[in-house]
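Beneath this line is the structure, given in structure tokens, with notes to follow.
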Number of protein chains: 2
Amino acid sequence: MVWCDEHGKRLEDYPRPSVAVDTAVLTVEDNELKVLLVPLVQGSESTVVERSEAAVVERSEAESKPKLALPGTFLHEGETLADAVLRSLRDKAGVSGRRPRQLRVFDNPARDPRGWVLSVAHVDLVPVAVLGESLAHDGVRLASADDASVLDGLPYEQGEIVAAAVQSVRKEYEAEPDPGALLDEPFTLAQLRRLHTAVLGEEPMRDTFRRSMEPRLKPTGAMTGGGRGRPSRTWRRGSPTNAPQR
Amino acid sequence: MVWCDEHGKRLEDYPRPSVAVDTAVLTVEDNELKVLLVPLVQGSESTVVERSEAAVVERSEAESKPKLALPGTFLHEGETLADAVLRSLRDKAGVSGRRPRQLRVFDNPARDPRGWVLSVAHVDLVPVAVLGESLAHDGVRLASADDASVLDGLPYEQGEIVAAAVQSVRKEYEAEPDPGALLDEPFTLAQLRRLHTAVLGEEPMRDTFRRSMEPRLKPTGAMTGGGRGRPSRTWRRGSPTNAPQR
DNA sequence: TTAATAGTGTCTGTGAGACATTATGGT
DNA sequence: ACCATAATGTCTCACAGACACTATTAA
């Protein structure tokens, strides 16, 4: 049995694009929202013209200051997009991704000089502790997710992907307490507010924050101890946690 | 010059999926949100088993009650997703689409029996007047966008696409006056509220609706006449209209 | 005792929801 | 005159924003 279209042609008879996934892995470090970047694998990416002009200079520059990019990969046959994302994070960054969420498809035909490549942009939130070992290996590093000078240096349209990821994550954090499960449970309201301040890039108001978050949290009954000042009640996220399942 | 990846292979050396676009064209008819369906082009879609069992019955059933589906097509080389959507609406439904918006990629490897096909789901809002001529041609028809019995009959995962489209459009209509530009300008607040009632599936409260919409509208100064009761002021949408540009 | 942090009480302005009233046309 | 519809007025309640105050610990 062969599946054909209305003209009797098979699917394979039509040109098909390459489909990639690119992921903005966001985390919070030093009270700032950051994005994970990996060295760009370039293959033979120099054009003939560039090579003939200044091959040596390029080589040394490329080694001293390697281009950075979002971790990504091409989609394999029979694989879901989410699985491709998790695979790319493991292979390119040594990171166990958690819950990649689809943003949108970047389909500008001119965005990739290698050819016809669609990129399905994703975002994933990962606690910085999970990234720990991966960093400083293989040139994996974190960059401020708001730093335009970094984002503008990204290849293809990955600066826009990061911008979309940041916008999406900020929208989530305006409504829910730590939907990305970046905090270890249990936590205090002050810790939660510090986290949200880092993600949002600005301080949410103290009273309003407490009033909107408290009904969405479950009290543990336990209190913090050891710090200066009055001990604090501790909390867990409400039932629909975004924590990874597998 | 040839672009290669980290293993020196070219993009074309990897398996690539077919990429389709499927579009939920939504409109309002008879104060109800409806979705445009077209006859499913099946090619040789019956399996061998089905054929040997009841070929004649299937054939007659297929002709008296052809399967319906969302308009869609495969992405052509060098074409943007939005352009593919507009082309599919023109070719399959004789409709001039307006502003297709991307929803998400449906990537379940088993969703399409013809093979490895990703579908980028889209939604577009089109006034029923624009659909006028297309309907009743070629079996193009409108179905209630809330009718589960219709949606469950759609092939692949198109029922979910429609559900996602409806959800997305309803969210827009909760915040903005007629963002899909379904109403001809100028219009009255009563007409606008009837439209929103149809889209949302429930009546927004009269006072709240007026209070939230009025600041987002531009008064024309003109009044309606001819109807029963006191004449009404008329309005246009606020500046950032969603009307098609080209 | 003091500093530091957590938590509570309360005043006020704004806006949603609800309802009543007035305005202005047709029949 | 009466009805239907549009438009406006206003009452109440809830909550955001703001600020002050109390509570509980360590130094």
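Protein chains get the first letters and strands the later ones, always in sequence-line order, with residue 1 at the start of each.
- As judged by a 4.0 angstrom heavy-atom cut-off over every strand, A/Arg193 is placed among residues making no nucleic acid contact.
- What separates CG of B/Leu189 from C1' of D/dA7 is a distance of 10 Å, to the nearest Å.
- Across the interface with DNA chain D, nearest-nucleotide mapping of A/Gly229 and A/Arg206 shows A/Arg206 to be the residue nearer the 5′ end.
- Take the nearest nucleotide of DNA chain D for A/Ser212 and for B/Asp207: the residue whose nucleotide is more 5' is B/Asp207.
- A straight line from CZ of A/Arg210 to P of D/dA18 spans 17 Å, rounded to a whole angstrom.
- One side chain, B/Thr234 or B/Thr220, offers a donor N or O that lies under 3.5 Å from an acceptor on the other.
- At C/dG7, one or more side-chain N or O atoms of A/Ser232 fall inside 4.0 Å of OP1 or OP2 (strictly under the cut-off).
- Rounded to whole Å, the distance from CZ on A/Phe187 to C1' on C/dA6 is 16 Å.
- Rounded to whole angstrom, the span from the CZ atom of A/Phe209 across to the P atom of D/dC15 amounts to 19 Å.
- Taking atom CD of A/Glu214 as the reference point, atom C1' of D/dA16 lies 16 Å away to the nearest angstrom.
- Using a 4.0 Å heavy-atom cutoff across all strands shown, A/Arg233 reaches sugar-phosphate atoms only and no base atom.
- Look at B/Arg228 and you won't find any side-chain N or O under 4.0 angstrom from OP1 or OP2 of D/dC3.
- Put simply, CE on A/Met213 is 16 Å from P on C/dG7, counting in whole angstrom units.
- No side-chain donor-acceptor contact under 3.5 Å links A/Ser96 and A/Arg90.
- Test B/Arg237, B/Arg193, B/Arg216 against B/Asp178 for salt bridge (charged side-chain N to carboxylate O under 4.0 Å, His left out) and you get one pass: B/Arg237.
- Between B/Arg230 and D/dA4 there is no side-chain N or O to OP1 or OP2 distance below 4.0 Å.
- Atom P of nucleotide D/dC15 and atom CE of A/Met205 are separated by 16 Å, given to the nearest angstrom.
- Residues in residues 202-226 of chain B take part in these ring-ring contact (aromatic ring centres under 6.0 Å, His included) pairs, two or more places apart or across chains: B/His196-B/Phe209.
- Put simply, CG on B/Leu217 and CZ on B/Arg233 are 10.0 Å apart, with the number rounded to the nearest 0.5 Å.
- Taking atom CZ of residue A/Arg211 and atom C1' of nucleotide C/dT8, one finds them 11 Å apart after rounding to whole Å.
- Side-chain nitrogen and oxygen atoms of B/Thr208 include at least one within less than 4.0 Å of the OP1 or OP2 phosphate oxygen of C/dG17.
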